Every structure is written in structure tokens, then in C-alpha cells.
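Below, chains carry the letters A, B, ... as their sequence lines are ordered, and counting in each starts from 1. Nothing here was measured: the structure is a model prediction, and the numbers come from that model.
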Amino acid sequence: MESTYHPRAVEAGVQRHWAEHDVYRAKEHDPRFPKGKYYACSMLPYPSGKLHMGHVRNYTINDMLARYKRMQGYNVLMPMGWDAFGLPAENAAMKSKVAPAAWTYENIRVMKSQCNALGLAFDWSRELATCDPAYYQWNQWFFLKCLEHGLAYRKTQIVNWDPVDQTVLANEQVIDGRGWRSGAVVEKREIPGYYLNITKYANELLETTLHGLPGWSERLRLIQENWIGRSEGVRFAFPHDIRDAGGKPIQDGRMYVFTTRADTIMGVTFVAVAPEHPLAVRAGELNPALASKIEALKQGGTTEAELALKEKEGVATGLFVTHPLTGDKVEVWVGNYVLITYGDGAVMGVPAHDERDFAFAKKYNLPIKQVVALASAENEFSTDAWQEWYSAKDEGIGIHSGKYDGLKFKDCVEAVAADLAALGLGEKKTTFRLRDWGISRQRYWGTPIPVIHCADCGVVPVPYEDLPVVLPEHHIPDGSGNPLNKDEAFLKCSCPKCGKPARRETDTMDTFVDSAWYYMRYASADASTMVDARNDYWMPMDQYIGGIEHAVLHLLYARFWTKAMRDMGLLKFDEPFLRMTNHGMLLNHIFYTPGSHGAKNYIPPIEVKVSHDEKGHINGGTLSDGTKVDYGGIGKMGKTERNGVDPQDLIDKYGADTARLYVMFVGGPEDPAVWSDTAVEGAMRFLRRVWTFCAERTADIAAAPALDHAALDAAHKGVRFELHSALKQSNFDYERQQYNTVVSAAMKMLNALENVKPGESAALAHEGASILLRTLYPVAPHITWQLWRELGFERRLGDLLDAPWPTPDEQALARDEIALVLQVNGKTRGEVRVAANAERAAIEAAAAAAPEVAKFGEGRAPKKIIVVPGRLVNVVV
RNA sequence: GCGGAUGUGGCGAAACCGGUAGACGCAGCGGACUUAAAAUCCGCUUCCCAUGGGAGUGCGGGUUCGAGUCCCGCCAUCCGCACCA
């Protein structure tokens, strides 16, 4: 055995052994694992080029869990695949003129080899890439099923339109309201697109979020609950006689709105509609001067955040609708804050009791009519300035509201709803914040939506037998829109219904479709159906691991997709993920040199010699040529700030085990973590000490007799106590997946064991090494596997991967005498030593007699003595 | 704006049910070994006055024998907001 640790040689050898014996291939119903299956999976990565530290962290958590569970006797499945469709490939294509397909497949090759270099226990036989027709044909197949079941439908959607590049922009391509390439002011544009009816499942999704996911964290459930956002309200109509150009009443003469504050209906002083609303369109037709103003209201991005933060603007249409209860005329405004895709695309305006409406009314001098007052009447209503209580609903009562005066919120809503219902103009309704899932993207690199446009038959689904609609892989996008629109070979087809020449749909699917069900395809990777019986064995997944940034969209879509598959008879379970871990982000320091016009030239931290202020905080640094650099704080590792750390450099320099140990030790799995080069050195140092410890005691351990605890001297009993205490902690932390303290525990074990010098108790060294190597194996599998073998443990306990998990020995943990913390009046003043099995009375007596009690109690007699068994005793005087 | 989270030494952190705050590690300081350095090993290391104390877990209150942990009110930072993945 080598006397010093050479990680590269060790890791290469161990990885060769794993590959040759195919040790991570999972088989359904494998009789070697009586405890049954355990499916642990990481969110599939986007193949962006190279692994980044976030991946290393994610997969190491996954790997530790997988190896730990395997040693516990579970049939573990840990697969891996690639989220291979998406925008970055198109951006890369524009930049370097490489086709997205070629770029993506090369990235996958590199990243896969990096996964292997990290020693991750993936079952590669189940690998998938979502850009493979063998995979995405099932997206298409299921989409057609959804059409059949009425779960997919076509509707207008609002997109970011770049008027210069003549193309649809993603939200991230809109910067400060302008297109990222053209700089043109982005407009909202209405185009048709496909939606999946996730809101049909809103109630079930919400109920299960609240009551059916015991393995999910409270915070994750809360995020999802709020996102689904059930609200009870009233949907009602303002009748009108506004007619379209053909003389027909628009929307049958009823302008619908939804409100959760029907109690304020008597305070309506205007209504606002989206710029795309039929009434707004009609107003534009009637008055061309208005049309351009309405058009201007479409400017700006489509995100909710942007909408909420931007200045509320509007324009009066000169059109009026009728208040359903008072019969008053109410003017219709067009507002830039009303979205046509939300509800009915129209809202009632109650300036007195809604902060947004209040600001809007002040701006345009609209009337403000108070209809709710506080029961206590201590606060006076004034139209001068908004006050928090104006929108409070629970303590308010109706005023200036005719028959509704004096009613409380709930009663008032009931009364208003009943009156509206009697008029046939409205009813109580439960709505959800959750919106249907728009899956159409006007982009090339995605799953083609399998429909065909026929001049005579309209939109016709592609027949099942014609699937897959294969995406041509040779195109290189140039920023002018979807290249499929110019691909005659792709476009030209015949109508499946009438056989006449027709045009193929060029929109592709949102990549969230790809990730909505891939984890089930792993379970039956080569199935000739979407999923097969093997899916019923592995699913639902026992543990899912991924970034917190996916806490809403991806998880909700995957849950919806699962329920939709269930209802089509493809699955037998309701929820895909029994447990969910959201690991934190990896952060690093940011350095830069100032450029012109406030620009910052970011410098990778590795090139900076850091300087500190007198308090020890980082305040800047210098480059090797002496250039001073400024400190920009801590931020998410990323390209822009050039503060990412390449895991490859770490692996090359220190080895995979050190990289893994470091990312696990740096903090709790769910916490964000800040990078530190020197701490990596520390991780390396620890592994080197593990190696040295074993190397120096090879002969002792090989010839070790059975351990006799009673025969150990006091010092070695102490070592054993430390060893088994650390093991107890470590086992506890493995169960709760707090892997940073698992590493701490392993360090404590080694610290204790190093007190057993070579030539001393061989039995204790033997026990210690066997426990330490198994505890450390899931985090540092290469070095431990090698040492396990070299020290001969393999012969007695089998391959480390399948060795039994160690448990603490109660005898080692037993103590004759223990020290209790002594408090006087709740302040710690010392300790009292008592027998481990001392009675309460004996402890009280010992505490009362302690000199600290006399001193700090100033001689007063104890009034009360609180004993916490095994921990402390508090004397109150 | 809405929703969620976080805040503990110079730094990363730990503290399981309300019971010794700072385990474990990094950096730093001192020592051993060395011609010297690196590596390694040993010791110290929350702050303030210092005999012995006192203060201390973002800030201000509260409950309790006892609060990092529970409650109320603030402040700061980070993440998500539906076409980035």
C-alpha cells in the first residue's frame, strides 16, 4: 500500500473497477435487496457546456443518498439525462454558427465524462436526452392524447414582440422593456398558441399540496399553495349596448369581471379593460386618435413583476357600461395593468378600497367613493392619501351602499352575489391564481407540436401512426425568427383529413414539457410505449433533488402531468415525488476593475490576491501585475460576473473525493454556500490524514484480535466513546440528510482515532477504521473503497458498496459519572459531577451544596431546583 | 408590487424537544521538526475590562427558572413571479 495519498491514481483505478463490473445498474425486483426499491433522482441538467459547482453539489447530495440507501439494503435507482432542448443552444448557434444539435450533443459528451470523473453512481443504461426523437415522440403522443381528452386547446396568447427583429422574445431577452439584440421597445402581441388545462386540476393540486405531501417541506408547500392561489369571489357582468362594426352587441352585451371584493361593488366609479379587450378594440375603431393611445398601452414586458412595478396608465374610451345594481353609467377605461389573459381581461375600479385603483383615480381625476368604514370609526376617510385600512375587509362595514349599509364583509358579499344572481348577471365563483399552461414557443430548438394547418379543414392533429414529427437538426438560427418557417421540406405536408397540400405547424413545445415526465421514462427507458410496468415499480420517486428555483413551475407542471397521465390510465399513483430537497445556490466573491461609464470589468476571483480591512473583511485586492481591483460583494456563481469555479480544475488538482467532500462540508444542503479556496485545501488535508492513518496501521489492522471493551485503558475507552458518539451523530444526520455534519462527524472520528498510535490497541484501530471508512464512503467513495480493500475489510464484510451500515455500541457510550451544567438563577456558573444513574434527589443535593450556589446566590436558600436529566441543573434562589 | 426564505466569531458553519452558544473546519498567532522554506505535528484563537467578572446569535419588546430556538413589531439581504433552465 502506498504510504501517501495519490488521488488521481486511486480514483482512476476505482472508477475502472466500477465500470468493469457495472455496479450501478439497477434491476427491477432485484432479490439482493429485500428492503425494496429506492428511487433518488436529480433534476436533469441543461447541457450548457461543462458541469458547474451547482451540479457537483446537487449530484453529490444525490450520490450520498444513493450509496447510503444501498448500504442500508435498498434497490437504488439513480439515473441521469439531459434537458437538451432550449434557448441557450440557439443563442450559441447565433454566436458561433454551430447547429444547436451539434453543440448540444458535444456538451452532453463532455458533461457525461465529468459526471464519471466525479465518481457518481449513475445507472447510465437509462440515460436520455430530451432532444432525441425517441424521447420527444412521447411528448407529441401525449399532446395528441390531451387534445383528445380536451386537456389541450388553442387560444390567444400574449408574447413579447420585437418590432425590429420581427421575432418573439423570451422574458429574459427583454431588458428594461427593450429587445436584447435590436434595442427596440418591445410590444405585446397576440398570437394563437396551445394551452394545457392545468387549472382543471387546480383544486386537486391544492388539496394534495395541503394534505397529501407529508415528505415535502412546509416552505415548499406554502410556495405552491400561494402559487395555485384559490380565491373565492364573484364573477358578474356590466350590461351594455356597445356594438361591433357589424351592429352585433359585443360579447352579447355583457362585460364580465371577477372580484374578491363584491362588498365594494357600490363604490365602482370606472371599469378598466386590457388593450386587447373587444371593447378597447371597438373604441379604437370608433376613434383613430384613441387607437394609437391604446396601442401605446401595450408597450412593456409581459411578466407579472414588471406589470406590478410599472406606472399605471390608462385612457378613457368614451364608452359606457351599466352598473348592474345601481343602473349608473360607468365609463370604460383601457389600462396597461390589465392583462387580457387573466380572467376576463377586465376589472372593476373601486378607488376607495383598492390601492392600485386609488392611484389610478388620483392620476386621472376619477371619482372616489367610500363604501366601507371601520366599525370603530376612529379613522376618517380622506381622498387625499391612501391609507392601509381602506382595503381592510374583515373589520369593515358597509356605508353609502343603500341596502348593504351596516353589513360586514362576508354578509355583504353574500347579499350582493344573491342580488346579482337574481338579475341573472353574476354568481359566486372560485378562481385560481394558477393559469393554464401555454406550451407554444415560436422557436426552433424544441419538440415540434404535431399539428397541421389545412386551408379547408383548419388545424388537424398529426395521426398517431405518423409520429414522431422529427425536428430537422441542421438549422442554424440567426435571430430573425424560427428557421422552420423557411424549411420547405419540413413545412410541406398533406392534410391528414382531406389529403390536400397543407402546412406543418412550426411552433415547438415549452421545455417544461420535456421535464414534466422524464423521470418516469428513466424507469422504462427502452419501452415501446410512453411508460410501462417498470414505471409502476420505481415510481413514485422516493427523493427528488434540485434547485429551489424550480420550486414552483417545474414541480407543478410535473405534478399536473402525472395526474393527467393517471386519468388516462397510464399510471396508478397521484403524486410523482414523495420527498423533495431543494439545495441552495453556490456563491462566490465578485471582483472587478472600473471601466468607462460605470461599467465593470469582472475579474475571476482566482486571479486576485485578496486584501482585508482592519476588521478582517475583504475590501479589494490586486492582480499579479499590481493592478488594484475592487470588491463587489458576494453573488451567485455565473458567467456575467466571471466568479464561477470550474469543477474540472478542482478534480484535476485535488481529485473528485476532495471536491465532493468540500461541497458537502461547506454548509447544509439547503443553504446557499460561499466558495473558499483555502477550505478546499482543508478537505484535501483531511483525506490525506485518513490515508496516512490507515497506511501506518496496515499491519495492526490486518492482525487485529477481537475487541474487548473492558480490557481497554481509560484513554482508549475515551477514544471509543468519541468514536461511537460521532457515529451516533453521523447516523442521525444521514437520516435527516444533513451531510455537512456527517463530514464533521467523520473528522471527529479521525481526531479521536489518531490518539491510538501505531502498535497500540490494534482491535480499536481496526474497529475505528471500519467505522470511519463506511461513514465516509458515501461522500468520498474512491479513497474509502481503496482503503477498505487494502486493509482487508472486503474479505470479511464484502464490497464497501454493499457492506452493512455501522451502528454505535451502547457499551462504548456508557459513562459512570457525568458532568451536569450548574446554573444559578438561569446563568451558567459551573458544573456538578454526579453518577450517571443518580436519582433526582441526589442531583438536587449535589447542586445545592455546590460552592457556586453559595457564591452567586449570595447565601440565599434555594427556592426551586430544576433538573434536566443528563444535561443541567438550575438552582433558583 | 406579490410570494418565499435567510440573518450566529475575521470566514464557512454547529447547536436534534426551549437547557454549557460557537462543535467541525478555514484563516490568523505561538511552538516543534528543518541549514532554510514547504509539508507535517502540538497549542491558542467571540468581544470588552481584567483578580475576577461583564456582554454577546440583525434591531426593539414579550413569555419562561432558562430563548439562537417560542410570540409581537421593525430592519437588511437573497430567491421566485408563468417564454432562462
Q. How many Å lie between CH2 on W691(A) and P on A39(B), as a whole number?
A. 22 Å
Q) Where the side chain of A305(A) is concerned, which of A85(B), C84(B), G1(B) is the nearest nucleotide? A) G1(B)
Q. When you compare U35(B) with C24(B), how far apart are their C1' atoms, in angstrom units rounded to a whole number?
A. 37 Å
(Q) Please report the distance, rounded to the nearest Å, between CD in Q224(A) and C1' in A82(B). (A) 13 Å
Q.
Which is it for G58(B), anti or syn, if anything within 90° of zero counts as syn?
A. anti
(Q) Does F85(A) reach a base, just sugar-phosphate, or nothing at all? Heavy atoms under 4.0 Å. (A) nothing
**Q.** Between E681(A) and Y654(A), a side-chain donor and acceptor under 3.5 Å
**A.** yes
Q: Tell me what S440(A) touches on the nucleic acid: a base, only sugar-phosphate, or nothing, going by heavy atoms under 4.0 Å.
A: base
Q | Base of A14(B) paired with side chain of S744(A) (donor-acceptor, under 3.5 Å) | A | no
Q. Which nucleotide in the set G12(B), G3(B), A85(B) lies at the smallest distance from any side-chain heavy atom of F665(A)?
A. G12(B)
Q: Please tell me which of the listed nucleotides, C81(B), A5(B), C84(B), lies nearest to the side chain of W227(A)?
A: C81(B)
Q. Can the ring centroids of F360(A) and Y337(A) be said to lie less than 6.0 angstrom from one another?
A. yes
**Q.** Proximity to the side chain of N751(A) - top-ranked nucleotide from G25(B), G53(B), G3(B)
**A.** G25(B)
Q | Point-to-point distance, once rounded to the nearest 0.5 Å, from CG of L51(A) to CG of N107(A) | A | 10.5 Å
Q.
I want to verify a distance call: between C81(B), A23(B), A85(B), whose nearest atom is closest to the T741(A) side chain?
A. A23(B)
Q. What interatomic distance, in whole Å, is found between C1' of G22(B) and the corresponding atom of G56(B)?
A. 11 Å
Q. Can you check whether G54(A)'s main-chain N or O pairs, donor with acceptor, with N58(A)'s side chain at less than 3.5 Å?
A. no
**Q.** For atom CD of E225(A) and atom P of G4(B), their distance in whole Å
**A.** 9 Å
Side-chain donor-acceptor contacts of residues 551-559 of chain A below 3.5 Å, not counting sequence neighbours, with atom names and distances?
residue, atom, partner, partner atom, Å
H554(A), NE2, Y544(A), OH, 2.7
R559(A), NE, E575(A), OE1, 2.8
R559(A), NE, E575(A), OE2, 3.3
R559(A), NH1, T209(A), OG1, 2.9
R559(A), NH1, Q224(A), OE1, 2.6
R559(A), NH2, L205(A), O, 3.0
R559(A), NH2, T209(A), OG1, 3.3
R559(A), NH2, E575(A), OE2, 3.0

(Q) Between K855(A) and E852(A) (salt bridge meaning N to carboxylate O under 4.0 Å), is one present in this structure? (A) no
Q. What nucleotide among A82(B), A14(B), C84(B) has an atom nearest to a side-chain atom of Q738(A)?
A. A14(B)
Q) When rounded to the nearest Å, what value does the distance between C1' atoms of G28(B) and C79(B) take? A) 34 Å
Q.
Just N and O in the side chain of R829(A): are any of them under 4.0 Å from OP1 or OP2 of G53(B)?
A. no
Q. What is the nucleic acid contact for K855(A), judged by heavy atoms within less than 4.0 Å: base, sugar-phosphate only, or nothing?
A. sugar-phosphate
Distances for protein N or O near nucleotides 65-68 of chain B N or O, under 3.5 Å:
residue, atom, partner, partner atom, Å
C65(B), O2, N874(A), ND2, 2.3

Any protein N or O atoms within reach of nucleotides 47-50 of chain B? Criterion: under 3.5 Å, listing atom names and distances.
none

Q: Round to the nearest Å and state the distance from Y557(A) atom OH to C81(B) atom C1'.
A: 11 Å
Q) Can you name the residues that form a salt bridge (charged side-chain N to carboxylate O under 4.0 Å, His left out) with R840(A), not counting sequence neighbours? A) E844(A)
Q: Pick the P atom in G1(B) and in C11(B), then give their distance to the nearest Å.
A: 30 Å
(Q) Quick one about T167(A) and D162(A) (side-chain donor to acceptor, distance below 3.5 Å, no hydrogens or angles considered), yes or no? (A) no
Q. Taking O4'-C1'-N9-C4 for purines and O4'-C1'-N1-C2 for pyrimidines, is C17(B) syn (within 90° of 0) or anti?
A. syn
Q: To the nearest Å, give me how far apart OH (Y337(A)) and P (C2(B)) are.
A: 17 Å
Q. Side chain of L222(A): nearest nucleotide among G4(B), G52(B), G1(B)?
A. G4(B)
Q: Please state the C1' separation for the pair G7(B) and U20(B) - nearest whole angstrom.
A: 24 Å
Q) For the pair made of NE2 in H583(A) and P in C79(B), what is the distance, rounded to whole Å? A) 15 Å
Q: Pull out every stem in RNA chain B, meaning runs of 3 or more consecutive Watson-Crick or G-U wobble pairs with both distances under 3.5 Å.
A: B:1-7 with B:75-81, B:10-12 with B:24-26, B:28-32 with B:40-44, B:46-49 with B:52-55, B:58-62 with B:70-74
Q) Considering only side-chain heavy atoms of R435(A), which listed nucleotide, G19(B), G53(B), A82(B), is closest? A) A82(B)
Q. Looking at the side chain of T828(A), which of C16(B), G19(B), A21(B) is the nearest nucleotide?
A. A21(B)
Q. Which whole-number value in Å describes the distance from D671(A) CG to G12(B) P?
A. 12 Å
Q) Taking the six-membered ring for Trp, are W437(A) and W561(A) parallel (under 30°), tilted (30 to 60°) or perpendicular (over 60°)? A) perpendicular
(Q) Pick the closest RNA chain B nucleotide for D733(A) and for L87(A) by heavy atoms, then say which residue is nearer the 5' end. (A) D733(A)
Q) Under 4.5 Å between any side-chain heavy atoms of L210(A) and R221(A), yes or no? A) no
Q: Whole angstrom is fine here: how far is it from CD in E306(A) over to P in A82(B)?
A: 9 Å
Q. If we ignore angles and hydrogens, is there a donor and acceptor under 3.5 Å between the side chains of D733(A) and T741(A)?
A. yes
(Q) Base, sugar-phosphate or nothing for Q157(A)? Non-hydrogen atoms, less than 4.0 Å. (A) base
(Q) My understanding is that only residues two or more places apart in sequence, or in another chain, count here; which of them pass salt bridge (charged side-chain N to carboxylate O under 4.0 Å, His left out) with E817(A)? (A) R833(A)
Q | Side-chain (T303(A)) to main-chain (E306(A)) donor-acceptor, under 3.5 angstrom | A | yes
Q: Go through the steps for Q173(A) and N91(A) under the test side-chain contact (heavy atoms from CB on, under 4.5 Å), then give the verdict.
A: CA-CA 11 Å; Q173(A) 296 173 318; N91(A) 294 340; 4.1 Å; yes
Q. Side chains of E313(A) and K363(A): does their closest heavy-atom pair fall under 4.5 Å?
A. yes
Q) How far, in whole Å, is G68(B) from A55(B) if one measures between their C1' atoms? A) 16 Å
(Q) Suppose you measure atom P in A21(B) against the same atom in U51(B); what distance do you get, rounded to whole Å? (A) 24 Å
Q. If the C1' atom of C70(B) is compared with that of G3(B), how far apart are they to the nearest Å?
A. 24 Å
Q: Specify the residue among N740(A) and L872(A) whose closest nucleotide of RNA chain B lies further upstream toward the 5′ end.
A: N740(A)
Q.
Given G4(B), G1(B), A82(B), identify the nucleotide with an atom nearest to the side chain of I223(A).
A. G4(B)
